[in-house]
Structure formats: C-alpha cells, structure tokens
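A short write-up of the structure that comes next.
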Amino acid sequence: MNPLSEEPRIERPPGFAFRERRKGILRRESEWDLHCEEVALPSLAKKYGTPLYVYSAATITERFAAFESAFRRIPHTVCYSVKANSNLHILRLLARQGSGFDVVSGGELERVLVADRRAAKRVVFSGVGKSKEELAAALKAGILLFNIESESELWMLAECAARYRKSAAIALRVNPDVPAETHPYISTGLRKHKFGVPVHAARELYAKASGARQLRVTGVSVHIGSQITDVAPFAQAVERVADLIGELRADGHEIDFVDIGGGLGIDYQQRALNFQDCVRAYASAVTNPLRALKVHLLLEPGRAIVGPSGVLLTRVVYRKENDGKRFLVVDSAMNDLIRPSLYGAHHEIVPVVSPAKARTVGREREQEIVDVVGPVCESGDFFARDRQMPRVEEGELLAILDAGAYGMSLASNYNSRPKPAEILVRGKSAKVIRRRERVDEMYAAELSAAD
Ligand SMILES: *Cc1c(COP(=O)(O)O)cnc(C)c1O
C-alpha cells in the first residue's frame, strides 16, 4: 500500500500521544486523553485556560539530536533559526544542547543573549535589511558570522566595524536561482526574490570585501526557502555554492564556512515519514557536493526542530450552521496562529478527549464536514475549511497540531486579543514559559506615550 494514501496519523510521538483514563467506580468505561509527554492536555487547559500553546521538551531535543546525528561525519554547527519560535526558554533549552542560533533582527539577537550570553559566539546574523544599530549590537556581542546580502550592507558593516574597532567575519548570501516547491511567500532562492546576491555577481563582491580591513571574508551562505520537502533543490543549491567556493579559493579567499540555511520541511499530514530518515536524506544530499572542500558546515533549521513539538489548544465556543454549512467557532484565532490564513497551510486538528482507542481516536463519533473558525472579524480567520472531523460539541477541547513553528512567533494582538500563554512540558512537569498576556498590557504603551 502506498504510504501516502494512508490516513494522517494523529499522534506525534514522543511528544503527543493518547493515553487511556478509566472512568467511574467500576472503571470499565474509559476515555483517551491527548497527552503532552506525561501531562494530560485537559488538565493544562483547566489550569491555564485556552488558547494555549503547549510544547514538548523531549520532542525538541530529539529533533535537534537528529540533526546532530545525521551530520556527525562533517564538522558542523546547528544554528537554530530563532524566528520559528523565539521563546527564551526554548532558546535556553536548545543552547544547553549546544545549539547555535540564526537571528534576523536585533531583537532576536537580544533574546539569544538573554537566554545564554555564551551562545553569542555561535550566532549567525541573516536578513536583507540589518540596520546600523543592529550591526553594531552584533559586533559588540561578538557573533560568529554576518550573512551579507548586498554591497551597501557590506560597506555599512565595514563602517560600523571601524567605528567600534572590531573585525567582522562575513559570508555573502548568494542567490542560487533554484526553484523550490513551496508556498510563494516562503520561497527565497530565485533571481526575482529580494534575498542574497546573484551567484555570478558574487566573485566581484568578494573581491571588494576582501579589500576592507575590518572584514574577514570567511564563508558562503545560501537559504532557498522554507517548508521544502524534496531534498533535490537543496542539493542543487549546494552544488552551485561548491562551484563558487572553488572559484573563490582560486581567487585567493579563505573560505572556512558554508552556511546552507534552513528550510527542511515537515509533514503536516504526518503520513508515514520517519524524521530521522528525512534528516539523513537531507544530510547526504547537502554534504555530498561539499565532501572534498574541507569546510565547517552551518545549518539553520527552524521549523523542522520546533514545528511538531507544539500544539495550540483551543475550546469550541459555539457550533453554528448556515444553510447547511457547519462551523465550529473556537476561542483561538488567526492572531494566535496565522499559518492557515497567510499560506493556506494545513494543520491537523483533533479532539483532545476521545472515547475510542488511540490509533482511531474519534472513530466512535459521527464524522462531519466543518469549517473551524475563530472569532476575528475576517473571513480569512480560519484553521480548517471543509474538513472531515469527528463531531465535537460546544465546550470541548481541540488540539491544532504541529503549531510549534511560526505559531506564537507570528502571533499578534489583532482585534485586541491578548497573546496566549505558553507551556513547556518535560515528563510530568509543565512549566509556564510565557504567561497569558493581559488586556491592559496591550494598551500600556499607549497610556504611557508622551503627548
Ligand atoms: C527562516 C529562515 C530559516 C529557517 O527556516 P525553516 O524553514 O524554519 O527551517 C533559516 N535561515 C534563514 C536565513 C531564514 O530566513
């Protein structure tokens, strides 16, 4: 049987699985609760309210370890991409595993420094629009590498470095002009995109950079996009980088680092793929073209590490039916998790309590076709459209799966909705890693504004 035709799996071990709970005095009846590690999600919802982000520490460390293991034969540093989920406690958890960090703003850099000051030397700084202030902050922190995306930025960095009497290690982010099959908003490796410098223009820019005393040319970087599930485009991009390195070395540059960016996708339908196998396939695709080059590899995965480690818990507020079309109105919305609205992204949604067995949870319920929508005043405020799901009643809990990446980090206060709380689970313990925002915190900066 073709594994891709299988039903989506609704469990995400080791983080999320259903466990049996016996009910009643005779304990004959049982229900199955979705757990995060050893903690039942209904108990978290009861204690901390909804909407609620819940993350599994074991899943994060296991997925980080999968990268470490797949790349063990080549000198490398995994620089977790902070923008996927920038909670300080998650950054600290990863720093303790030895992770470096990929930041794209001064704000993200500050988060890393607060999480673990010593991680600065494992930070790479990416982004097309780094300001003078951001460059200065990164120079002072003593980061590992600046990924430079234009000639103007190169001179701005040289000027800052001169002012602070620092030297800056740089790589140019090249745009390899390879198409990657993903959503157009998160594809970045084509000529028409704003990112990087064209490969053919790179040599000239490297020559200019090596003339600046404050700059140390030391690497080449590339990042072709996000949520890419086929490894071929990664291999193609790295082959172009390998060719460029040959030329740059011939020109006399010392190239010690290759930063291959992030972008490894996850299977939001969770059909049959084993994560360790995916990372291994990715590792062999990207390391093959680099074998002969003796470089230190930098990786910037974000989504692949934290995506499946988190769920967004939400409660059904109302059921409603308009001319036969059914809606579940839930207490979470596009301001908490914008991926469905922004990219038409698919997230599996499951009832948290189920009378049936784990593998077939929900099967004892009637199936129905519904839209799962939030309370925000936009038709684009939905989590699923025309989705076949087990019937759930008002007041029941739903878990929106694979919400650990680009969930909370993209959350906003639209409709003056406070941001959800976040919980990090480790075995039996559940720790609040961000308390629920209060309404008065949302307008505090307005009240305190000078007039
Ligand atoms: C967003 C981004 C990443 C991380 O992408 P994922 O798809 O989350 O792995 C890595 N590097 C750069 C430069 C990015 O912009």
Side-chain angles (χ1 to χ4, degrees), residues 60 63-64 66-67 70-71 76-87 90-91 94 99-105 107-109 112 122-130 134 138 143-150 153 170-176 180-190 193-197 219-231 233-234 237-238 241 257-268 275 278-279 282-283 286 297-310 338-339 342-343 345 402-410:
I60 295 172
R63 296 175 79 89
F64 177 81
F67 275 93
F71 285 91
H76 70 274
T77 305
V78 174
C79 295
Y80 164 72
S81 178
V82 172
K83 75 179 190 288
N85 188 320
S86 49
N87 187 291
I90 288 179
L91 300 183
L94 284 162
S99 185
F101 297 95
D102 167 46
V103 303
V104 293
S105 72
E108 287 189 353
L109 174 63
V112 170
R122 299 193 302 271
V123 166
V124 300
F125 194 175
S126 308
V128 286
K130 305 176 195 79
E134 289 175 318
I143 67 166
L144 176 65
L145 187 66
F146 290 85
N147 285 330
I148 299 295
E149 302 215 17
S150 64
E153 185 190 346
I170 66 151
L172 288 192
R173 173 165 172 188
V174 297
N175 186 323
E181 214 169 286
T182 184
H183 191 279
Y185 293 179
I186 51 178
S187 169
T188 60
L190 282 177
H193 296 132
K194 68 180 177 182
F195 298 100
V197 294
V220 179
S221 67
V222 71
H223 169 74
I224 57 172
S226 197
Q227 186 48 21
I228 298 165
T229 47
D230 174 12
V231 299
F234 291 114
V238 175
V241 166
F257 290 99
V258 172
D259 181 343
I260 61 165
L264 182 63
I266 60 174
D267 182 4
Y268 283 96
F275 181 62
C278 292
V279 185
Y282 171 68
V286 298
L297 189 64
L298 300 171
L299 305 151
E300 304 172 350
R303 183 192 315 268
I305 290 179
V306 290
S309 75
I338 204 175
R339 299 191 66 260
L342 189 59
Y343 312 122
D402 302 314
Y406 305 104
M408 189 61 171
S409 61
L410 270 163

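Numbering of ligands and ligand atoms starts at 1, following listing order.
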What verdict does the ring-ring contact (aromatic ring centres under 6.0 Å, His included) test give for Phe64 and Tyr80, after you've listed the backbone C-alpha separation in whole Å, the side-chain angles of each residue and the deciding distance to 0.1 Å?
CA-CA 9 Å; Phe64 177 81; Tyr80 164 72; 8.8 Å; no
Check the pair Ser126 / Asn147 against side chain to side chain donor-acceptor pair (under 3.5 Å), numbers first and verdict last.
CA-CA 5 Å; Ser126 308; Asn147 285 330; 3.2 Å; yes
Report the C-alpha distance between Glu300 and Asp259 in whole Å, list the side-chain angles of each, state the deciding distance to 0.1 Å, and finish with yes or no for side chain to side chain contact (heavy atoms under 4.5 Å, CB included).
CA-CA 8 Å; Glu300 304 172 350; Asp259 181 343; 2.4 Å; yes
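Of the N or O atoms in Gly302, one or more lie within a sub-3.5 Å distance of an N or O in ligand 1. The shortest N/O to N/O separation between Arg303 and ligand 1 falls below 3.5 Å. Here's the thing with Lys83: one of its N/O atoms is less than 3.5 angstrom from an N/O atom of ligand 1.
Among all non-hydrogen protein atoms, the one lying nearest atom 11 (N) of ligand 1 is Glu300 OE1, 2.5 Å. Of all protein heavy atoms, the one closest to atom 8 (O) of ligand 1 is Tyr406 OH, 2.6 Å. Annotation: atom 4 (C) of ligand 1 to nearest protein heavy atom, Ser81 OG, 3.2 Å. The protein atom (non-hydrogen) at minimum distance from atom 7 (O) of ligand 1 is Ser226 OG, 2.3 Å.
Under the salt bridge (charged side-chain N to carboxylate O under 4.0 Å, His left out) criterion, Arg63 pairs with no residue, sequence neighbours left out. Looking at residues two or more places apart in sequence or on another chain, you find a side chain to side chain contact (heavy atoms under 4.5 Å, CB included) between Ala304 and Phe67, Leu264, Ile266, Phe275.
For Ala304, the heavy-atom gap to ligand 1 stays at 4.0 angstrom or more. Taking 4.0 Å as the cut-off, Phe195 does not count as a neighbour of ligand 1 on heavy-atom distance.
Using a 4.0 Å cut-off between heavy atoms, Pro301 contacts ligand 1 through its backbone alone, with no side-chain atom that close. Heavy atoms of Asp102 found under 4.0 angstrom from ligand 1 belong exclusively to the side chain.
Of all the atoms in ligand 1, the ones that sit under 4.0 Å from a non-hydrogen atom of Gly262 are 9 (O), 10 (C), 11 (N). Under a 4.0 Å criterion applied to the non-hydrogen atoms of Ser126, ligand 1 contributes the atoms 13 (C). Shown in contact with Gly263 at under 4.0 Å from a heavy atom are these atoms of ligand 1, numbered in order with element: 5 (O), 6 (P), 7 (O), 9 (O).
In summary, Glu108 and Lys83 do not engage in a salt bridge, as defined by a charged side-chain N under 4.0 Å from a carboxylate O.
Although no hydrogens or angles enter the test, the distance criterion places no donor-acceptor pair under 3.5 Å between the side chain of His76 and the main chain of Leu297.
For Lys130 and Phe125, the positive end sits near the middle of the six-membered ring, less than 6.0 Å away and at most 45° from its axis.
From Cys79, atom SG reaches atom CG of Leu145 across 8.5 Å, with rounding to the nearest 0.5 Å.
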